[in-house]
There are 2 protein chains.
Amino acid sequence: MKISAQEEYGLRCLLQLARGDAQGESLTLAQIARREGISVANAGKLMWILNKAGLVQSQRGTKGGYRLARPAATIRLNEVISVLDDESVAAHCKSYAGVLDSCVHTGDCGIRPVIVELHQIVDNALSEITLSQLLGSEATVDAVLHKIQGTRQLQRRESNSMPL
Amino acid sequence: MKISAQEEYGLRCLLQLARGDAQGESLTLAQIARREGISVANAGKLMWILNKAGLVQSQRGTKGGYRLARPAATIRLNEVISVLDDESVAAHCKSYAGVLDSCVHTGDCGIRPVIVELHQIVDNALSEITLSQLLGSEATVDAVLHKIQGTRQLQRRESNSMPL
DNA sequence: CCCAATCCTTACTTTTAAGTCAACATTGGA
DNA sequence: TCCAATGTTGACTTAAAAGTAAGGATTGGG
């Protein structure tokens with residue numbers, strides 16, 4: 001269960017744009033690339049994906065660049081991640097079929113619900129986090145996230161009497 | 001955010017062993033491979049990893065094979081997954097450094113807490129699921145998991161008044 | 001004591017994801 | 001109107017993950 005390079009770098013680039021969002025600033029590929037320590041070519045590819053998905057707007061030509069398509073406070077991480085990594089349960093079951101034509105568990109599979117549920121849990125968690133929440137210092141961000149996750153853990157412990 | 005092939009197949013192999021666990025049966029590599037539709041060589045690699053981590057026990061020689069090292073009801077998915085995919089936050093920050101020697105966000109990084117929190121959330125969810133819970137039919141398993149996830153969602157909704 | 005069945009280990013090959021490159025299209029300003 | 005700055009696109013190269021292969025080690029049975 002890993003976060004891919006594309007997800008990581010794509011999110012970082014978005015955060016760069018989010019920093020100038022309030023002032024209506026835009027950044028060129030070269031600026032984004034330099035600030036994140038990646039190549040211009042790579043930044044170009046990432047921004048192309050984000051642009052295609054409607055998360056950023058691009059302006060060509062001199063004085064061009066990228067900016068967020070919406071305010072940073074309205075962009076949630078689950079949307080960002082799903083755009084940068086096109087994973088679906090259907091794709092999962094298809095790609096892990098082993099040496100056979102179709103997965104041996106077709107029809108009745110005890111693992112599929114785990115995959116589905118896991119995706120849902122991650123999606124829920126990410127949907128509570130917006131880009132603007134990630135602009136502060138590490139300590140600040142950490143505090144915000146612990147609040148979200150903390151409440152959940154507390155609630156669970158209170159009613160954790162289901163059988164294993 | 002994907003589940004790797006190694007995680008998927010490793011878990012499946014473990015479930016095969018879990019099926020015969022109560023009767024104390026053991027399975028050979030050839031049996032495991034056939035039942036999961038993967039090659040014997042691949043099954044061998046996966047079982048080697050699981051054996052090294054102490055999740056299964058192996059018996060060499062004729063009449064040999066693999067069995068679970070502990071009862072299926074005591075093996076939780078978070079342990080399984082972490083064994084099959086050695087991901088850590090430290091490794092993450094190291095591998096996504098871009099073209100530079102170290103990550104540009106060293107010292108103060110707003111993304112690191114997201115990674116940490118995400119891992120924690122996934123780990124929490126997986127720690128509630130045991131191998132034995134996954135042995136039933138898809139419908140049964142689905143019901144069990146929805147119960148776990150369902151309670152959590154309900155609880156969250158009740159007190160979801162934090163600022164975004 | 002020897003053979004066959006089985007697991008163990010390392011090196012190699014294949015496949016897939018990541019990243020780069022180069023030619024092109026668009027825009028704004030001189 | 002032309003040029004330089006910029007984003008766009010698809011082909012290519014490189015790096016990482018997955019999977020394969022082959023010889024070695026161990027065990028149980030005849």
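- Residues A:K2 and A:L27 each lie close to DNA chain D; by heavy-atom proximity, the contact nearer the 5' end of the strand is made by A:L27.
- Between A:S58 and D:dT8, a side-chain N or O to OP1/OP2 separation shorter than 4.0 Å is present.
- Regarding contacts with the backbone of D:dG19, every side-chain N or O of B:S39 stays at 4.0 angstrom or more from both OP1 and OP2.
- Atoms OH (A:Y96) and C1' (C:dT15) sit 13 Å apart, rounded to a whole Å.
- For D:dG7, the OP1/OP2 oxygens have no side-chain nitrogen or oxygen of A:N51 closer than 4.0 Å.
- Of the side-chain N and O atoms in A:W48, none sit less than 4.0 angstrom from OP1 or OP2 of D:dG7.
- One finds a side-chain N or O of B:Y66 lying less than 4.0 angstrom from the OP1 or OP2 phosphate oxygen of C:dC8.
- The shortest distance between the side-chain N/O atoms of A:Q59 and the OP1/OP2 oxygens of C:dG28 is below 4.0 Å.
- Atom pair B:L46:CG and C:dC8:P shows a separation of 13 Å (rounding to whole Å applied).
- For B:E138, the salt bridge (charged side-chain N to carboxylate O under 4.0 Å, His left out) partners two or more places apart in sequence, or in a different chain, are A:R112.
- Using a cutoff of 4.0 Å between basic side-chain nitrogens and carboxylate oxygens, B:D21 and B:R67 are not scored as salt-bridged.
- Of the listed nucleotides (D:dA18, C:dG19, C:dT6), C:dG19 has the atom at the smallest distance from the side chain of A:Y9.
- Residue B:K45 places a side-chain atom within donor-acceptor reach of the base of D:dG19, judged by atom type and a 3.5 Å distance cut-off alone.
- Residues satisfying the side-chain contact (heavy atoms from CB on, under 4.5 Å) criterion with A:V83, sequence neighbours excluded, are A:I49, A:L50, A:A53, A:L55.
- The backbone N or O of A:A33 lies less than 3.5 Å from no partner atom in the side chain of A:E36, so there is not a single donor-acceptor pair.
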